[in-house]
Amino acid sequence: GDSVTQMEGPVTLSEEAFLTINCTYTATGYPSLFWYVQYPGEGLQLLLKATKADDKGSNKGFEATYRKETTSFHLEKGSVQVSDSAVYFCALSTGNQFYFGTGTSLTVIP
Amino acid sequence: KAGVTQTPRYLIKTRGQQVTLSCSPISGHRSVSWYQQTPGQGLQFLFEYFSETQRNKGNFPGRFSGRQFSNSRSEMNVSTLELGDSALYLCASSLGRTATNEKLFFGSGTQLSVL
């Protein structure tokens, strides 16, 4: 069935370090892919999305490219800040429902 | 514009009881989805309602049920609570039915603890 597998955390980085959070998916058809972020005590917010192969989603310095050949949608940021500390969820939508990964907790230390 | 509102924020119940959670979507949004969030499991889809009709259901027992009212507000009910039902329950709304390009807006959730 459809599913998302993402890198387990927690991840701890120093400020200005490079971030990669891996995400791979299994899906029939042509899903859309998303990254959502959850700050402490809050619900999830859409960070970025890509709707077709080779699309690149970007927002707030974060980027992810929809790679159909490797079924991946890895999240990257060149220089993280303390304010990026949160839980990141990779997700796909097949049109009927959303499937979320288990989440990766990121802590950025000054 | 007000966001998605979930009430109550916290709930403590004992095994065997039942509970009702409420979700008010963003004004104009007609679709409401419910998710169970637990550490290590991530978000598990419960069900989606659109125009007062359940459109899709996840793999949860019949103890979990929901409904949607004509103003798009939704309630979720869990009967005969079990310890394993302890979780953060998230509600998400969207303008239309879940589609590949649809964006979900989440509430802050209801934290349910079953003792």
Side-chain angles (χ1 to χ4, degrees), chain A residues 1-10 21-53 55 57 59 66 68 73 86-106, chain B residues 2-10 21-26 29 31-50 53-60 66 87-111:
Chain A
D2 300 325
S3 66
V4 173
T5 302
Q6 68 179 97
M7 173 177 139
E8 289 192 19
I21 301 178
N22 291 336
C23 170
T24 57
Y25 68 91
T26 301
T28 54
Y30 303 94
S32 290
L33 301 174
F34 304 79
W35 277 99
Y36 279 81
V37 58
Q38 185 178 35
Y39 297 102
E42 299 182 13
L44 280 71
Q45 305 173 22
L46 178 65
L47 181 59
L48 53 83
K49 70 176 185 182
T51 57
K52 61 182 187 298
D55 266 3
N59 186 27
Y66 189 149
K68 192 168 173 61
F73 193 56
V87 180
Y88 292 82
F89 292 88
C90 184
L92 72 84
S93 174
T94 61
N96 284 323
Q97 75 179 66
F98 275 76
Y99 296 85
F100 287 84
T102 53
T104 301
S105 174
L106 170 68
Chain B
V4 178
T5 305
Q6 290 189 246
T7 56
R9 187 70 179 90
Y10 300 95
L21 313 181
S22 179
C23 172
S24 293
I26 291 172
H29 284 195
S31 174
V32 172
S33 303
W34 288 90
Y35 294 84
Q36 182 193 66
Q37 183 181 6
T38 54
Q41 292 290 317
L43 276 73
Q44 304 291 313
F45 172 72
L46 283 154
F47 26 66
E48 178 195 5
Y49 286 87
F50 180 80
T53 302
Q54 188 180 90
R55 300 293 180 169
N56 204 357
K57 190 178 191 313
N59 191 25
F60 278 81
L88 180 66
Y89 290 87
L90 292 169
C91 164
S93 76
S94 59
L95 204 56
R97 280 199 61 189
T98 297
T100 54
N101 197 30
E102 197 62 60
K103 178 179 172 180
L104 298 180
F105 294 81
F106 282 85
S108 299
T110 293
Q111 183 67 54

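All chains are named by letter (A, B, ...) in the order of the sequence lines, taking the proteins before the strands, and each is independently numbered beginning at 1.
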Open item on the list: Please find the pair of heavy atoms, one from A/Phe89 and one from B/Leu43, that lie closest to each other, and give the distance.
Closed with: CE2-CD1, 3.5 Å

Task: B/Gln111 portion near chain A, given a 4.5 angstrom heavy-atom threshold - done: neither

Task: Side chain, backbone, both or neither of B/Arg55 within contact of chain A (heavy atoms, under 4.5 Å) - done: neither

TODO: Quick one: pull up CG in A/Leu46 and CZ in B/Phe106 and give me the separation to the nearest 0.5 Å.
DONE: 9.5 Å

- [ ] Measure the shortest side-chain to side-chain distance between B/Leu104 and A/Tyr36 over non-hydrogen atoms and say whether it is less than 4.5 angstrom.
- [x] yes

TODO: Would you mind checking which part of B/Leu90 comes under 4.5 Å of any heavy atom in chain A, side chain (CB onward), backbone (N, CA, C, O), both or neither?
DONE: side chain

Open item on the list: Between B/Tyr35 and A/Phe100 (side chain of the first, backbone of the second, donor and acceptor by atom type, cut-off under 3.5 Å), is there such a pair?
Closed with: no

TODO: Check whether more than 12 heavy atoms from other residues, nucleotides or ligands sit under 6.0 Å from atom CD of A/Glu42, and answer yes or no.
DONE: yes

Open item on the list: Would you say that B/Leu88 contacts A/Gln38 through its side chain, given a criterion of any heavy-atom pair below 4.5 Å between the two side chains?
Closed with: yes

- [ ] Please determine, among A/Ala91, A/Gly29, A/Gly103, A/Gly43, the option with the most heavy-atom pairs under 4.5 Å with chain B.
- [x] A/Gly43

Open item on the list: Within a 6.0 Å radius of atom NZ on B/Lys57, are there more than 12 heavy atoms belonging to other residues, nucleotides or ligands?
Closed with: yes

